Amino acid sequence: METYRMVLLDIDYVTCDEKPVIRLFGKDKSGDNEPIIAFDTSFRPYIYVLPHDTDSCIRELEELGIGKMEVLEMRDLGRMTPVIRAEFSHPSEVPKLRDRIRNLDSVRDIREHDIPFYRRYLIDKSIFPMSELEFQGEVRESAPLVEADDVKLVEITGEVSSTGQGTHELDILSFDIEARNPHGMPSPEEDEIIMIGVAGRDFSRVISTRGDHLDYVEVVDDEAEIIRRFAEIIREEKPDILVGYNSDNFDFPYISRRAEILGVDLNPGWDGSGIRTMRRGFANSTAIRGTVHVDLYPVMRRYMNLDRYTLERVYRELFGEEKFDLPGDRLWEYWDRDDLRDELFRYSLDDVTATYRIAEKILPLNMELTRVVGQPLFDISRMATGQQAEWFLVRKAHQYGELVPNKPSQSEFSERRGRRAVGGYVKEPEKGLHENIVQFDFRSLYPSIIISKNISPDTLTTDPECDCHVAPEYGYRFLKEPRGFIPSVIGEILSERVRVKGEMKRSKDPVEKKLLNVQQEALKRLANTMYGVYGYSRFRWYSMECAEAITAWGRDYIKRTIRMAEDFGFHTVYADTDGFYATYTGRKS
DNA sequence: TGTTTGCGGGG
DNA sequence: GTGTACGCAAACA
């Protein structure tokens, strides 16, 4: 048995002899950064059962065939409650049995029955994707469902833990396809792929069937060969991250369909698996096992506020330069005409280089969010910020011994929808040019209010006798003691941010300084997300009372501050939520 | 005024 | 995958 260290990139589970096997994909840090798959056969799924009566509940669960059970005390929205931790042999048992368990006479409720198995593993083992982890293991000749001879295989035979190390120089590969499109948007049913551009740290090239006079073009025989070569590059390079722009919904589905039509078998995954496209509601997501595929389009939509999110627009916004562009509907002409073809090659190369540059700029923040939230970058890059906050809280709940509330049912969801908390106080700006303006604003107003007023679903009370903070306008009461779950978590985030900022100030190394800056930025984003999620209708810790109380206190504070300023002779010209602008008149208004 | 539908990105 | 999912503007009733 030896100790291994690896940077965790991807995680999944497979079934072997009817048992689940967790597989961790990453780069070996105890070796020479080579690809490694570590697998763990010892982890089992479980849910929490809240009984009316513990003994009869255990009996009823035994009758259902639940073998392993443990009685625990956990906190449920502030109240200590006995729970039964019921273990299953396989994740697929959970959806099969949970409704029957929920409907047992002795059962009050069930919890944490919808946590994907790989997420449960990350949370329970306190390990973080894009960070280094350490484990005891033994090298194996083979691993469950792995058909590859170029990856190190290790069975986990001892404890898994985080080393706390986070630095790892990222290996990013970007890609972009071009198709011949004589009738508008290309359709994979009839329109061939003519180019695939790829770019890494110190190379960029275009794979195509033409263009052999250009040094950046790799010429291959036919379309099937373009696709095969692309999959081969991914398989051989095994980059940490593969990025595209709208690649979830365009490039990858297109490549997959063309490969299918042409009869090309693709296996770019570390385990020899192919391109997997999954339906996620309306949109798709596409994954390659081992390599983290990040579609920058949803990332950029969340990252900045623009009218449009075309690659051109986003690139201009980030770098202040124009990208080489061609009219999209005429690209096929550029391919067909000898005098225009070189421009199409340049366009392809420019697109893929732009994608790479955007990735270099944007991924660090997503890496840090991944490290803080503790879910895979693949998921984080596709999650709404509210979801990121929620998964962060699910992890914290496990750490604190708190039960995670269930997701809202369809009826709860539709009831919540449409209800909106009143927002911040706004005083419409006075028209005109104002001179000698003074400005005031609160630093992170809402997070501070949540902490100072202890606003949390588990501190909300109807007890008129309690020692409470009472919300203005609404009169909602929040216990002063003990500290609520969400205020504690926000407090943790903010003090961690203070620590990181201090370290940043002390640091002399510019690279380290930059990393620490991104770290504190990620923490700031997470803290600022927390106030909004109380009113987010899919949120597990949803509470309209909390959402309303926060903004009510916010309005109260800003209005009182404005009043005080006016008593000193200031005149407010404009105010919004957490700050205001004023002129000095010297007169009390 | 409230409710339903359609779209974004990609070539 | 312990699945089934966004958010907004425009069009419509």
Side-chain angles (χ1 to χ4, degrees), chain A residues 11-15 20 43-48 86-99 101-102 110-121 123 175-188 190-197 244-255 276 278-287 295-302 305-314 325-335 344 347-348 351 355 379 382-387 390 394 404 406-408 410 413 417-418 536-538:
Chain A
I11 177 168
D12 76 348
Y13 88 90
V14 290
T15 304
F43 194 62
R44 293 291 173 270
Y46 62 89
I47 68 168
Y48 294 116
E87 197 174 287
F88 298 78
S89 57
H90 193 273
S92 64
E93 296 286 299
V94 179
K96 262 188 240 160
L97 287 169
R98 68 181 160 205
D99 289 328
I101 295 174
R102 198 190 341 242
I110 57 169
R111 293 294 174 80
E112 308 195 21
H113 50 81
D114 52 4
I115 315 279
F117 193 52
Y118 68 94
R119 294 196 176 173
R120 183 86 268 175
Y121 188 85
I123 292 166
F175 82 107
D176 178 49
I177 70 168
E178 313 299 334
R180 187 174 171 278
N181 59 337
H183 28 253
M185 270 314 278
S187 152
E190 41 200 348
D191 301 325
E192 62 174 321
I193 291 172
I194 49 179
M195 298 176 187
I196 298 183
Y245 202 84
N246 203 27
S247 39
D248 268 346
N249 285 293
F250 182 74
D251 301 65
F252 266 132
Y254 207 102
I255 290 172
R276 308 184 341 272
M278 300 152 286
R279 286 253 137 65
R280 282 194 162 200
F282 319 92
N284 291 325
S285 68
T286 306
D295 182 348
L296 288 175
Y297 170 62
V299 176
M300 297 323 293
R301 285 198 71 143
R302 251 180 296 116
N305 195 11
L306 301 175
D307 47 345
R308 296 170 63 72
Y309 294 88
T310 59
L311 183 59
E312 284 71 28
R313 184 73 183 81
V314 165
D325 206 9
L326 292 178
D329 53 345
R330 289 184 51 221
L331 290 188
W332 63 282
E333 271 184 68
Y334 283 77
W335 176 251
L344 184 58
Y347 168 81
S348 174
D351 263 14
T355 306
D379 298 356
R382 289 166 179 80
M383 263 181 207
T385 50
Q387 284 295 309
E390 183 164 286
V394 171
V404 175
N406 288 327
K407 278 196 280 203
Q410 191 52 249
F413 176 68
R417 260 177 88 139
Y536 165 54
S537 42
R538 237 177 267 284

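Proteins get letters first, then strands, A, B, ... in listed order; numbering begins at 1 in each. Note that the structure is predicted; figures quoted are calculated from it, not measured.
For A/I193 and B/dG10, the CD1 to P distance is 17 Å, given to the nearest whole Å. As rounded to whole Å, 16 Å separates atom P of B/dG11 from atom NE2 of A/H183. Atom CD1 in A/I255 sits about 12 Å away from atom C1' in B/dG10, given to the nearest Å. When rounded to the nearest whole Å, the span between CG of A/D191 and C1' of B/dG10 equals 13 Å. Rounded to whole angstrom, the span from the CZ atom of A/R382 across to the C1' atom of C/dG7 amounts to 19 Å. Summarising the geometry, the separation between CG on A/L306 and C1' on C/dC8 is reported as 15 Å, rounded to the nearest angstrom. If you take CG of A/D307 and C1' of C/dA10, they are 17 Å apart, rounded to a whole angstrom. Whole-Å rounding puts the A/N284 CG to C/dG3 C1' distance at 15 Å.
No contact: A/F88 has no heavy atom under 4.0 Å from any strand. Among the atoms of the strands shown, base atoms are found under 4.0 Å from some heavy atom of A/D114. Here A/R180 lies out of heavy-atom contact (under 4.0 Å) with every strand. At a threshold of 4.0 angstrom between heavy atoms, the contacts of A/G244 with the nucleic acid are absent. Nucleic acid contact class of A/R279 (heavy atoms, under 4.0 Å, all strands): base. Within 4.0 Å of A/E112, counting heavy atoms only, lies at least one base atom of the nucleic acid. Contacts of A/R301 with the nucleic acid, taken as non-hydrogen atoms under 4.0 Å apart, include base atoms. Residue-level contact check: A/Y309 touches the backbone only, with heavy atoms under 4.0 Å from sugar-phosphate atoms and none from bases. As judged by a 4.0 angstrom heavy-atom cut-off over every strand, A/L331 is placed among residues touching the sugar-phosphate backbone only. Heavy atoms of A/D351 sit under 4.0 angstrom from primed sugar atoms or phosphate atoms, though from no base atom. Among the atoms of the strands shown, none is found under 4.0 Å from any heavy atom of A/D251. Across all strands, A/Y254 comes closer than 4.0 Å to no nucleic acid atom at all (heavy-atom distances). Backbone-only contact: A/A179 has heavy atoms under 4.0 Å from sugar-phosphate atoms and none from a base. Residue contacts for A/P45: at a heavy-atom cut-off of 4.0 Å it reaches a base atom on one of the strands shown.
Note on A/Y13: a side-chain N or O is less than 4.0 Å away from OP1 or OP2 of C/dT2. Close to C/dG3, at under 4.0 Å from its OP1 or OP2, lies a side-chain N or O of A/R98. Under 4.0 angstrom from either OP1 or OP2 of C/dC6 there lies at least one side-chain N or O belonging to A/R538. Taking only side-chain nitrogens and oxygens, A/K407 comes nearer than 4.0 Å to OP1 or OP2 of C/dT4.
If you look at A/F175 and A/F252, their ring centroids are closer than 6.0 Å.
Judged by distance alone, the side chains of A/R301 and A/Y297 do bring a donor and an acceptor atom under 3.5 Å apart.
Ring planes of A/Y48 and A/Y46: perpendicular class, angle over 60° (limits at 30 and 60°).
Only the C1' atoms considered, C/dC6 is 25 Å distant from B/dG11, to the nearest whole Å. For C/dA9 and C/dA5, the P atoms lie 23 Å apart once the distance is rounded to whole Å.
Distance alone, capped at 3.5 Å, places no donor-acceptor pair between the A/R44 side chain and the A/E87 backbone. In this structure, the side chain of A/D295 engages the main chain of A/D248 through a donor-acceptor pair within 3.5 Å. Between the side chain of A/D176 and the main chain of A/G197, no donor-acceptor pair closer than 3.5 Å is present.
Taking every side-chain heavy atom of A/Y347 into account, B/dG11 is the closest of B/dG10, B/dG11, C/dT2. Residue A/M278 has its side chain nearest to C/dG1 when only B/dG11, C/dT2, C/dG1 are considered. Closest to the side chain of A/Y297, from the set C/dT2, B/dG8, B/dG10, is B/dG8. In this structure, of B/dG11, C/dT2, B/dG10, it is B/dG10 that holds the atom nearest to the side chain of A/T310.
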Q: Check step by step if salt bridge (Lys or Arg N to Asp or Glu O under 4.0 Å) holds for A/R98 and A/D114.
A: CA-CA 10 Å; A/R98 68 181 160 205; A/D114 52 4; 6.0 Å; no
